[in-house]
Every structure is written in structure tokens, then in C-alpha cells.
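One structure is given here, and the rest of the page talks about it.
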Amino acid sequence: VTLAESGGGSVQAGGSLRLSCTASGLSFNLICMTWFRQAPEKEREGVALIITDGRIFYRDAVKGRFTISKDNTKNTLNLQMNDLKPEDTAMYYCATDPRPFTCDPVKWTEVSSFDTWGQGTQVTVSS
């Protein structure tokens, strides 16, 4: 089971980036997928979650600016990030629990809810 993120980079405030996470070794259509981020000297925090029934959750700070999507035919998770702000600067990780239908949306912001993580991709937003 592997997750591999891509698409990070450096942009100015107000700019956009699109992150992707390619999964292998998973029943991709049966699991929920999530994006987390971690800024220097801060705890890792949940950014967005998409579950098998199509429900989507966002942390309040990114609502209206970020869009999570999942392509089951390509085993790919995406995060479209618009109107980026300096406070969005962080390493972004995709994560999942590879066991089908185990996602608990009540606990989705807890790092311990997911045991499979990618290596991360850096997003830097300058003012």
C-alpha cells in the first residue's frame, strides 16, 4: 500500500495549486481519503475528507477555497487550492485507512484515524 503526493510548490498569496495523491495497493473505491497538513512547529491538522458515499468535510479555514475530489478510475485523490494564504504554508499529506468502509467522519481530523500516509508535498505561500 502506497500513497504518493505531487503538485506542491511556491505561490504568492491569492494563487492556486492543485495537489494529487496517487494510491496503489488499495481498494480505492471502498475507502475514504483525506488531506492533512503540518506547518513548522505545529501539529498535523486535517484539511479535507472525502468518504465513499460522497460526503465531503473541510476544516473551517479552507472552506470555500479548497476542493477535494477523488477519481476512482485512476486511484487518484486531488486537492484544488484557490485563493491561497500565507497561513496555508505547510507540508501536505494524503492519508487513509486501507480497510474498506472504516471511515468515521466524526474523528476525521484525528491523525490516529489514519494509518497509511504519503511522504508529503510542500506548499509555500508568500505574501
Side-chain angles (χ1 to χ4, degrees):
V1 177
T2 60
L3 300 174
E5 302 94 338
S6 62
S10 298
V11 296
Q12 291 189 329
S16 298
L17 284 173
R18 183 177 178 85
L19 305 184
S20 293
C21 172
T22 301
S24 62
L26 301 169
S27 300
F28 198 74
N29 59 323
L30 302 180
I31 59 175
C32 65
M33 296 291 298
T34 185
W35 287 99
F36 273 71
R37 66 186 181 187
Q38 188 167 19
E41 301 182 357
K42 292 189 177 181
E43 294 186 352
R44 194 168 295 192
E45 60 185 21
V47 175
L49 169 78
I50 184 167
I51 59 179
T52 53
D53 63 5
R55 284 182 290 166
I56 289 173
F57 300 83
Y58 296 101
R59 72 180 298 106
D60 288 345
V62 307
K63 286 180 180 177
R65 301 187 297 120
F66 290 12
T67 303
I68 188 172
S69 61
K70 189 166 171 267
D71 187 337
N72 291 331
T73 64
K74 298 180 179 179
N75 280 17
T76 300
L77 176 73
N78 299 302
L79 185 68
Q80 178 66 41
M81 306 185 296
N82 298 328
D83 190 23
L84 283 160
K85 303 177 180 181
E87 51 264 43
D88 295 318
T89 294
M91 185 72 79
Y92 283 71
Y93 301 88
C94 63
T96 188
D97 181 332
R99 297 170 297 170
F101 304 117
T102 58
C103 195
D104 182 354
V106 175
K107 298 181 179 179
W108 78 270
T109 59
E110 298 178 16
V111 172
S112 60
S113 294
F114 306 97
D115 60 6
T116 301
W117 295 79
Q119 81 287 351
T121 186
Q122 178 67 38
V123 171
T124 303
V125 185
S126 58
S127 57

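What you see is a predicted model; the values in this text were computed from it and never measured. Numbering starts at 1 and runs along the sequence shown.
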Treating Ile, Leu, Val, Met, Phe, Trp and Tyr as nodes and any side-chain heavy-atom pair under 4.5 angstrom as an edge, say whether I68 and L49 lie in one connected cluster.
no
Is a side-chain donor-acceptor pair under 3.5 Å present for T116 with T96?
no
To the nearest 0.5 Å, tell me how far K70 NZ sits from T76 OG1.
10.5 Å
Any donor and acceptor pair, going by atom type alone, linking the side chain of R44 with main-chain N or O of Q38 inside 3.5 Å?
no
Gap between atom OG1 of T73 and atom CG of N29 - 0.5 Å precision:
10.5 Å
Going only through I, L, V, M, F, W and Y residues with side-chain contacts under 4.5 Å, is there a path from L79 to V111?
no
I'd like to know if V47 and F114 are part of one continuous hydrophobic network [Ile/Leu/Val/Met/Phe/Trp/Tyr, side-chain heavy atoms within less than 4.5 Å].
no
With rounding to the nearest 0.5 angstrom, report the OG1 to CD distance, T89 to Q122.
7.5 Å
Measuring from T109:OG1 to F36:CZ, what's the distance to the nearest 0.5 Å?
6.5 Å
I'd like to know if I51 and V62 are part of one continuous hydrophobic network [Ile/Leu/Val/Met/Phe/Trp/Tyr, side-chain heavy atoms within less than 4.5 Å].
no
If we only count heavy atoms from C-beta on, is the L19 to M81 side-chain gap below 4.5 Å?
yes
Identify the heavy atoms of A13 and S127 that sit nearest to each other, and give their distance.
CB-CA, 4.3 Å
I'd like to know whether D60 forms a salt bridge (charged side-chain N to carboxylate O under 4.0 Å, His left out) with K63, so could you lay out the CA-CA distance, the side-chain angles of the two residues, the decisive distance to 0.1 Å, and finally the verdict.
CA-CA 5 Å; D60 288 345; K63 286 180 180 177; 3.0 Å; yes
ILVMFWY cluster, Y93 and L77 together (side-chain gap under 4.5 Å):
no
F57 vs W108 aromatic rings, parallel, tilted or perpendicular, using cut-offs 30° and 60°?
tilted
Q119 CD to C94 SG distance, which is reported to the nearest 0.5 Å
7.5 Å
Nearest heavy-atom pair of E5 and G120: which atoms, and what distance?
OE1-N, 2.8 Å
Q80 to S16 - nearest heavy-atom pair and separation:
NE2-CB, 4.0 Å
Taking all non-hydrogen atoms of both residues into account, name the closest pair between A90 and R37 and its distance.
CB-CB, 3.8 Å
Any sub-3.5 Å donor-acceptor pair from T34's side-chain atoms to A48's backbone N or O?
yes
Would you indicate whether the side-chain heavy atoms of L30 and F101 approach each other to under 4.5 Å?
yes
Approximate separation, where rounding is to 0.5 Å, of T124 OG1 and Q12 CD:
13.0 Å
What are the two closest non-hydrogen atoms of I50 and I56, and how far apart are they?
CG1-CG1, 3.8 Å
Distance-minimising heavy-atom pair for R18 and S69
NH2-OG, 4.2 Å
Determine whether the aromatic ring centres of residues W35 and F66 are separated by less than 6.0 angstrom.
no
